[in-house]
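Remember, predicted model here, so these are calculated numbers, not experimental data.
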Amino acid sequence: MKIKDAEIIALMQNPRTQDKGLRALMDAYQSRLYWHIRRIIVDGALAEDTLQETFIKAYQNFHQFKNDSQLYTWLYRIATNEALQQVNKLKKMQKTDEDPEYHMQNLVADNMEGDAEEIQVLLQNAIQSLPEKQKLVFMMRYYDDLPYEEISKIVDMSVGTLKTNYHYAKQKIEEYIKENYER
C-alpha cells in the first residue's frame with residue numbers, strides 16, 4: 001500500500017510521528033531522488049551520501065514546508081541544491097592541473113556497464129559537458145519528465161528561461177554526439 005503525500009505531511013508535522021513520517025517519506029521518494037542526484041553527481045557513493053543529506057535537511061527543515069507546492073517539488077529542490085553543492089565541492093577539490101572535462105568523462109565511463117552502447121556513453125558525456133543550468137534543466141525534463149512549471153519551482157527560474165535552456169541543451173547534445181560518434 002502506497003502512502004499518500006497528505007499522510008506523510010501529517011506524520012511529519014506531528015513531533016510524535018515524525019520518525020515514522022521520515023521513513024514513509026524515504027520509502028516514497030528515495031529512488032526518484034537518488035536517480036535525480038545521480039545524474040547530477042554521477043558517482044554512486046557520493047550520490048547516496050547526498051541523498052542522505054537531502055533527507056536530513058528535509059527532516060530538520062520540514063517546518064518550512066508551506067504546502068504551496070507538491071511534496072516532491074520541495075524535495076527535488078533540496079536534492080538539487082545538495083547535489084550542486086557537492087559538484088561545487090568537487091570542482092574546488094580538483095587540482096588545477098587536472099582537466100575537469102577529462103575527469104568528468106572518466107567518471108561517466110567508470111559508471112557505465114562494460115557492454116553499454118557507444119551512443120549511451122556519448123549521451124552521458126554530452127550531458128556532463130553542458131553548463132550547470134542547462135544540464136540540470138535537461139536532466140529534470142528528459143529523465144524525470146517533469147513539466148516546466150514544476151522545474152520552475154524547483155530551480156527558481158521562469159518557464160521561458162527553462163525552455164530556452166532545454167532547447168540549447170538539446171542542440172549541444174546533438175552536436176556533441178554527431179561530432180564524436182564513430183561508426
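Rounding to the nearest 0.5 angstrom, the gap separating the CD atom in Q124 from the CG atom in L122 is 10.5 Å. Note that the CD atom of E48 and the CD1 atom of I41 stand 11.0 Å from one another [nearest 0.5 Å]. Note: M26 CE to I8 CD1 = 12.0 Å, rounded to the nearest 0.5 Å. Atom CD1 of I151 is separated from atom NZ of K163 by 11.0 Å, given to the nearest 0.5 angstrom. Between atom CD of residue E179 and atom NZ of residue K172 there is a gap of 12.5 Å, rounded to the nearest 0.5 Å. Here the straight-line distance linking atom CG of L71 with atom CE of M12 works out to 8.5 Å at 0.5 Å rounding.
We find that E132 and K135 are joined by a salt bridge, their nearest charged nitrogen and carboxylate oxygen being less than 4.0 Å apart.
Counted within 6.0 Å of NZ on K133, heavy atoms from surrounding residues, nucleotides or ligands total 12 or fewer; the atom is thus considered open. Applying the 6.0 Å contact sphere to OH of Y168 captures no more than 12 heavy atoms from other residues, nucleotides or ligands.
Taking the six-membered ring where the residue is Trp, Y166 and F138 present parallel rings, their angle staying beneath 30° rather than reaching 60°.
Two residues are said to be in side-chain contact when any heavy atoms from C-beta on lie closer than 4.5 Å; R32 and Y76 meet this criterion. Side-chain atoms of Q18 and L22, non-hydrogen and from C-beta on, never get closer than 4.5 Å to each other. Two residues are said to be in side-chain contact when any heavy atoms from C-beta on lie closer than 4.5 Å; V155 and L162 meet this criterion.
Nearest heavy-atom pair across L25 and A58 is CD2-CB, 4.3 Å. G21 approaches L11 most closely through the heavy-atom pair CA-CB, 3.5 Å. Taking each heavy atom of A169 and L130 in turn, the nearest pair found is CB-CD1, 3.8 Å. Smallest separation of non-hydrogen atoms from S129 and Y176: OG-CD1, 4.1 Å.
Between the T73 side chain and the S69 main chain, no donor and acceptor come within less than 3.5 Å of each other. Although no hydrogens or angles enter the test, the distance criterion places no donor-acceptor pair under 3.5 Å between the side chain of R39 and the main chain of Y143. Distance alone, capped at 3.5 Å, is enough to place a donor-acceptor pair between the D43 side chain and the L46 backbone. Here the side chain of R38 pairs a donor or acceptor atom with the backbone of V42 at under 3.5 angstrom. Between the side chain of D144 and the backbone N or O of L146, no donor-acceptor pair lies under 3.5 Å.
Partner of F65 under the ring pair (Phe, Tyr, Trp, His ring centres under 6.0 Å) criterion, out of Y72, Y59, W74: W74 alone.
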With side chain to side chain contact (heavy atoms under 4.5 Å, CB included) as the criterion, how do L136 and N165 come out once you've worked through the C-alpha distance, each side chain's angles and the decisive distance to 0.1 Å? CA-CA 9 Å; L136 191 59; N165 275 301; over 6 Å; no
Is there a side chain to side chain contact (heavy atoms under 4.5 Å, CB included) between D49 and Q86 once you walk through the steps? CA-CA 10 Å; D49 292 345; Q86 289 296 334; over 6 Å; no
Begin with the C-alpha distance, continue with both residues' side-chain angles, and end with the deciding distance and a verdict on side chain to side chain contact (heavy atoms under 4.5 Å, CB included) for E175 and K178. CA-CA 5 Å; E175 289 171 16; K178 286 176 186 174; 5.8 Å; no
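Placement of W35 and V87 within a single hydrophobic cluster is found when ILVMFWY residues are connected by side-chain heavy-atom separations under 4.5 Å, directly or transitively. Under the 4.5 Å side-chain heavy-atom criterion for Ile, Leu, Val, Met, Phe, Trp and Tyr, V159 and M140 are members of the same hydrophobic cluster.
Side-chain atoms of T161 and S158 form a donor-acceptor pair, as typed in the model, at a separation below 3.5 Å. Side-chain contact check for D5 and Y29: at least one donor-acceptor pair (N or O, by modelled atom type) lies under 3.5 Å.
Residues passing the side chain to side chain contact (heavy atoms under 4.5 Å, CB included) test with A79, sequence neighbours excluded: L33, H36, I37, T54.
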